[in-house]
Amino acid sequence: MKLSARNVLKGKVVSVEKGSTTAHVKIEIANGQTVTSSITNESVDALGLRVGGEAYAVIKSSDVIIAID
């Protein structure tokens, strides 16, 4: 896999919740840390995403917001 995105996080799919057209997919990238993505149900099926399977969260953004408490 070759991408222009620099932020690629490998993890395990822990949840796939399909709605009428869009699914929310949660990927655990570290112990207790998850990334959630909204993608189409068609993409979930095409990628064969399932709980327990491996996947990558690829983050391509021009903005990164940093916050503190």
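For this chain, numbers begin at 1 and follow the sequence in order.
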Inter- and intrachain pairs under salt bridge (charged side-chain N to carboxylate O under 4.0 Å, His left out), touching residues 6-17, at least two apart: Lys10-Glu54
Kindly list each side-chain donor-acceptor pair under 3.5 angstrom involving residues 36-44, sequence neighbours excluded, with atom names and distances?
{"residue": "Ser38", "atom": "OG", "partner": "His24", "partner atom": "NE2", "Å": "3.2"}
{"residue": "Thr40", "atom": "OG1", "partner": "Ser43", "partner atom": "N", "Å": "3.0"}
{"residue": "Thr40", "atom": "OG1", "partner": "Ser43", "partner atom": "OG", "Å": "2.9"}
{"residue": "Asn41", "atom": "ND2", "partner": "Gly19", "partner atom": "O", "Å": "2.9"}

Just to verify, what does Ala5 make a side chain to side chain contact (heavy atoms under 4.5 Å, CB included) with, not counting sequence neighbours? Val58, Lys60
Considering non-hydrogen atoms only, spot the tightest contact between Ile27 and Ala55 and give its length. CD1-CB, 3.9 Å
Can you name the closest pair of heavy atoms from Leu9 and Val35 and give their distance? CD1-CG2, 4.2 Å
Mind jotting down which residue pairs meet the salt bridge (charged side-chain N to carboxylate O under 4.0 Å, His left out) criterion with at least one end in residues 20-38? Sequence neighbours excluded, please. none
How would you list, by chain and number, every residue that makes a side chain to side chain donor-acceptor pair (under 3.5 Å) with Lys18, sequence neighbours excluded? Asp45
Same hydrophobic cluster for Ile29 and Val14, using side-chain heavy-atom links shorter than 4.5 Å among ILVMFWY? no
Is it the case that one hydrophobic cluster holds both Val16 and Leu47, taking links as side-chain heavy atoms less than 4.5 Å apart, direct or via other members? yes
If you group Ile, Leu, Val, Met, Phe, Trp and Tyr by side-chain heavy-atom gaps below 4.5 Å, do Ile59 and Leu49 land in one group? yes
